[in-house]
Amino acid sequence: MSSEDEMIEVEGEEEEEKMQPTGPSLDDYHGIMNRANKCPNRHKKRMDVAKAKKMKAKMKREERKRKAREADALGEDAPPREVPKTLESLREFDSTTVTPENSEDMADDEFSSYFAKSYVPKVLITSSANPNLKTRLFLKEMERVIPNSTVFHRRQAKIKNIINQAKDHDFTDIVVINEDRKEPSSMLISHLPEGPTCFFRLSNVKLTKHIKRDWKEITTHRPEVLWSNFRTRLGMGVGRMFASLFHYEPQFKGRRIVTFHNQRDYIFFRHHRYEFKKDGSKAALRELGPRFTLKLRSVQKGTFESKTGEYQWIITNKRHKMESSRRRFHL
Amino acid sequence: MNRKRGNVSAERAPKKAAKIIPEQQDDQDQEIVKASESEDAFAQSLGSDGNSEGVDNDTNFGLYVGTEMGVLKGVCFEGGVPIAKNYKFTGQGLKKKAPGVKSLTWADQDEKELLVCFSNHVVKTYNTKLKCFTRQVQLKFEEEDASVVGLCSHDARNYVVGLENGTVGMWNCLESEITLKFRTYNDNDDGLKRNMEKIRQCAADKSFYATGGRENDLKIWNLSSEKPEEPFFKAKNLPHDFLDLRVPVWIQDLTFLPRTNELVATCTRHGQVRLYDVRASQRSVSNVQFVDHAIMSISSTMNDRQVVVGTAKGEAGLYDLRNPGKEKLVKKFHDFSGSIRSMVASPELPYVVSCGLDRHVYVHNLTLRTPVKKLYVQQELNCIVVSKSFTLEAKDATRSSVLNKRNVGEKAEGDWANIPPDVLFHADSPPKKIRKSITL
């Protein structure tokens with residue numbers, strides 16, 4: 001950069017400062033960036049870009065400070081804090097979003113008898129044919145999480161046969177964990193006797209020992225179930241299915257809570273023990289494990305029937321058609 | 001027999017004139033009063049409770065859908081915002097395990113009455129003008145636990161009913177009894193599960209019916225013949241496969257091709273689309289594998305040998321079956337996310353409406369992949385029926401006068417032609433012309 005240029009620039013900035021005492025503006029930033037883009041000298045270009053970025057960061061900092069000062073001065077009349085724009089908050093409108101007027105068949109779906117507390121859930125948990133250690137431990141932990149559940153060794157049984165036998169033995173749901181490369185990879189939940197059947201991709205499975213907890217911390221009290229952020233009709237169906245795996249009356253003495261939280265179509269499972277502090281501050285949480293993430297692949301009408309069955313919703317083979325936008329979510 | 005030879009496109013009737021408003025506003029009230037007197041009297045004599053609360057008489061419902069929970073819904077795409085309205089026979093809330101609507105059929109050519117058939121053998125008559133249910137009939141079949149799979153109106157007094165266990169019966173409304181009853185298959189002890197999935201009536205000749213189901217291959221029946229229990233046509237299964245094993249049969253849906261009673265297209269739970277020609281052979285003349293999962297619905301279209309099919313995983317396509325061995329997938333339709341249980345294509349215009357387990361009603365143009373209209377109707381849907389007054393445009397006075405002027409002198413029979421052409425085909429992108437085929 002020649003000395004003449006610098007002089008001119010400095011003069012220019014001084015003039016602007018005289019006119020606007022607030023400091024550099026966005027126009028200055030764009031001016032410098034434009035000049036940098038046209039500059040053939042790479043070293044100079046980098047210097048200019050770094051300078052412009054620094055200037056922009058400073059402007060942002062000062063703007064934030066100014067707003068804080070204004071808010072302090074105004075007190076209660078201050079404008080509300082801006083909510084950050086996330087993919088979730090900008091999600092595309094979905095006509096199937098459940099509202100009180102928009103939920104005709106919710107009261108009469110397959111889970112309505114559970115929510116009417118007409119039966120106690122009894123869950124069968126099994127895996128693929130020859131599970132590896134991690135899957136076997138995972139099954140055991142799921143048995144501890146879900147009350148009134150039993151783990152069965154699958155051996156070579158077919159799912160359709162398991163379902164028929166489970167119906168005879170009054171099971172209300174079956175859970176099948178499949179594995180891939182020695183890791184639990186998918187979860188199939190089927191509600192008996194009439195379905196539906198949900199298939200999930202299972203990822204990030206962390207067992208109790210991986211989060212450095214002892215399974216003896218998990219009591220046998222029936223947990224509370226929290227399923228949150230399911231918005232659409234499809235999501236409500238899935239959430240209701242999770243809820244119907246657990247007993248409808250939690251034992252609050254155990255202070256156990258199981259969470260299924262939906263965030264951008266990924267369902268996060270967490271298992272905690274909570275404690276209300278005596279001073280009335282925020283409840284303390286201690287994670288018990290396991291933890292895992294689910295992603296819905298398909299919802300089938302009726303029980304498991306992969307070849308000739310009917311699907312209520314399926315994303316396989318048409319993900320690019322259905323996930324047309326980053327802001328479109330199905331649950 | 002309604003066999004056509006030569007160029008069908010020349011013989012086809014000219015495009016029907018547009019009829020925008022089915023009833024004139026002035027005499028509508030009078031008509032309703034008249035109709036309601038007679039209908040109510042009839043309804044009372046049958047001891048039914050037709051309700052008409054909250055009905056807007058101006059709304060012209062072009063589409064009706066029947067849901068899995070036993071609710072009839074009218075759908076109106078006219079104007080800016082689509083409307084869906086529920087019609088329930090009783091005023092009570094939705095009951096647990098309510099019988100689902102299994103079939104929707106027009107009772108007559110004028111489409112004044114819609115026959116709504118429930119799985120528990122109840123047939124209710126919905127009057128489209130009064131917008132309420134007027135009659136209820138309980139079919140008295142011995143097989144009470146077998147669900148109804150289809151109901152067709154044979155003539156003004158007789159319904160033809162198909163049951164899941166393979167029974168076909170003709171119900172006489174006046175005498176309230178079954179006048180004809182036969183089984184479409186025999187129960188053998190070969191360990192195969194059998195049932196009937198569908199019964200369809202031939203549009204060209206109302207006395208012809210086709211049935212099919214699981215291990216129950218296609219049969220065509222002529223119910224006005226001397227021996228209605230004898231099938232007019234009986235399909236033969238495919239030859240054994242390359243391992244010399246029997247090919248399983250599971251017909252899910254079937255349709256007669258337009259203007260004939262000799263060509264039937266079927267779709268199977270194993271993903272095949274088949275075309276049967278009565279004149280050619282007992283075996284299918286065309287057999288094509290569309291997908292590896294179940295195909296749930298099939299419908300003939302305005303193009304003679306083209307059918308639309310919809311599958312259990314929400315795929316839909318237009319198939320060309322003109323050349324045996326050279327069947328062609330013409331188009332695939334998008335936007336479905338679940339099983340397509342019912343598709344109905346217009347016999348006159350390039351349009352198909354469909355519904356299914358994803359709780360939406362779709363209207364597709366045969367030349368476009370994306371739906372022209374789509375509506376969320378909150379419940380899982382079983383069947384769909386289209387009225388002749390179906391239109392996508394609002395009943396606009398100026399527009400109707402323009403259209404009336406344009407069609408002066410033409411016979412104003414209502415049909416799908418009421419959809420104005422510029423709405424039909426996206427105005428800026430005219431559709432590709434589909435070659436019209438020639439029947440044999």
Side-chain angles (χ1 to χ4, degrees), chain A residues 93-116 118 160 193-199 232-237 296-302 305-324 328-331, chain B residues 67-71 73 81-82 84-86 88 93-98 100 193 197 214 248 250 252 268-271 291-297 310-316 332-341 356-361 369-370 374-382:
Chain A
F93 172 73
D94 192 327
S95 59
T96 69
T97 307
V98 172
T99 54
E101 309 88 57
N102 204 357
S103 53
E104 267 177 19
D105 63 343
M106 283 274 280
D108 297 277
D109 66 354
E110 292 92 341
F111 306 108
S112 54
S113 57
Y114 166 80
F115 286 96
S118 67
K160 285 184 201 169
E194 286 177 344
T197 304
C198 291
F199 186 68
T232 63
R233 182 66 189 81
L234 177 73
M236 291 300 259
L296 185 64
R297 308 293 295 173
S298 68
V299 181
Q300 204 178 352
K301 178 102 178 154
E305 181 80 50
S306 58
K307 268 283 187 199
T308 55
E310 277 185 278
Y311 290 83
Q312 285 172 337
W313 185 86
I314 183 163
I315 200 159
T316 316
N317 296 339
K318 47 184 177 172
R319 204 165 59 80
H320 299 295
K321 274 179 233 160
M322 289 173 73
E323 291 179 351
S324 52
R328 186 172 173 210
F329 302 111
H330 300 286
L331 294 182
Chain B
T67 74
E68 186 82 350
M69 309 199 108
V71 176
K73 281 172 180 268
V81 185
K85 190 165 175 58
N86 287 1
K88 288 207 303 95
L94 297 173
K95 272 188 221 156
K96 180 84 180 70
K97 280 182 192 169
K193 278 185 189 170
E197 294 279 3
R214 190 175 189 179
W250 195 344
Q252 178 61 34
T268 71
R269 277 256 183 170
H270 301 290
V291 281
D292 60 353
H293 52 273
I295 304 182
M296 298 307 290
S297 53
T311 77
K313 286 188 182 176
E315 289 186 34
K332 271 198 153 191
F333 303 115
H334 287 186
D335 233 21
F336 301 100
S337 58
S339 173
I340 305 161
R341 282 214 166 155
L357 292 185
D358 56 3
R359 301 186 169 92
H360 281 84
V361 173
R369 280 181 298 189
T370 46
K374 178 183 172 183
L375 180 66
Y376 175 59
V377 287
Q378 300 185 41
Q379 292 188 30
E380 289 169 359
L381 307 171
N382 268 348

Quiz item: Rounded to the nearest 0.5 Å, how far does CD of B/Gln379 lie from CG of A/Asp109?
Solution: 11.5 Å
Quiz item: With no hydrogens and no angle check, is any side-chain donor or acceptor of B/Lys313 less than 3.5 Å from a backbone partner on A/Thr316?
Solution: no
Quiz item: If every non-hydrogen atom of B/His360 is compared with every non-hydrogen atom of A/Ser95, which pair is closest and at what distance?
Solution: NE2-OG, 3.9 Å
Quiz prompt | Salt bridge flag under 4.0 Å for residues B/Glu315 and A/Lys318 | solution = no
Quiz item: What distance separates B/Arg369 CZ from A/Lys321 NZ, expressed to the nearest 0.5 Å?
Solution: 8.5 Å
Quiz item: Tell me, side chain or backbone of A/Glu101 under 4.5 Å from chain B's heavy atoms, or both, or neither?
Solution: backbone
Exercise. For residues A/Gly309 and B/Ala312, report the shortest heavy-atom separation together with the two atoms involved.
Key: O-CB, 3.4 Å
Quiz item: Given side chains that start at C-beta, do those of A/Lys307 and B/Asp292 come closer than 4.5 Å, heavy atoms only?
Solution: yes
Practice problem: Taking the side chain as every heavy atom from C-beta outward, state whether A/Tyr311 and B/His293 have any atom pair closer than 4.5 Å. | Solution: no
Quiz item: Taking NZ, NE, NH1 and NH2 as the nitrogens, is one of them in B/Glu68 or A/Lys301 under 4.0 Å from a carboxylate oxygen of the other?
Solution: yes
Exercise. Would you mind reporting whether B/Arg359 and A/Thr96 have side-chain heavy atoms less than 4.5 Å apart?
Key: no
Practice problem: Select, from B/Gly271, B/Gly338, B/Ala294, B/Gly356, the one with the greatest count of heavy-atom pairs under 4.5 Å involving chain A. | Solution: B/Gly338
Quiz prompt | A/Asp105 versus B/Glu380, closest heavy-atom pair with distance | solution = OD2-N, 4.4 Å
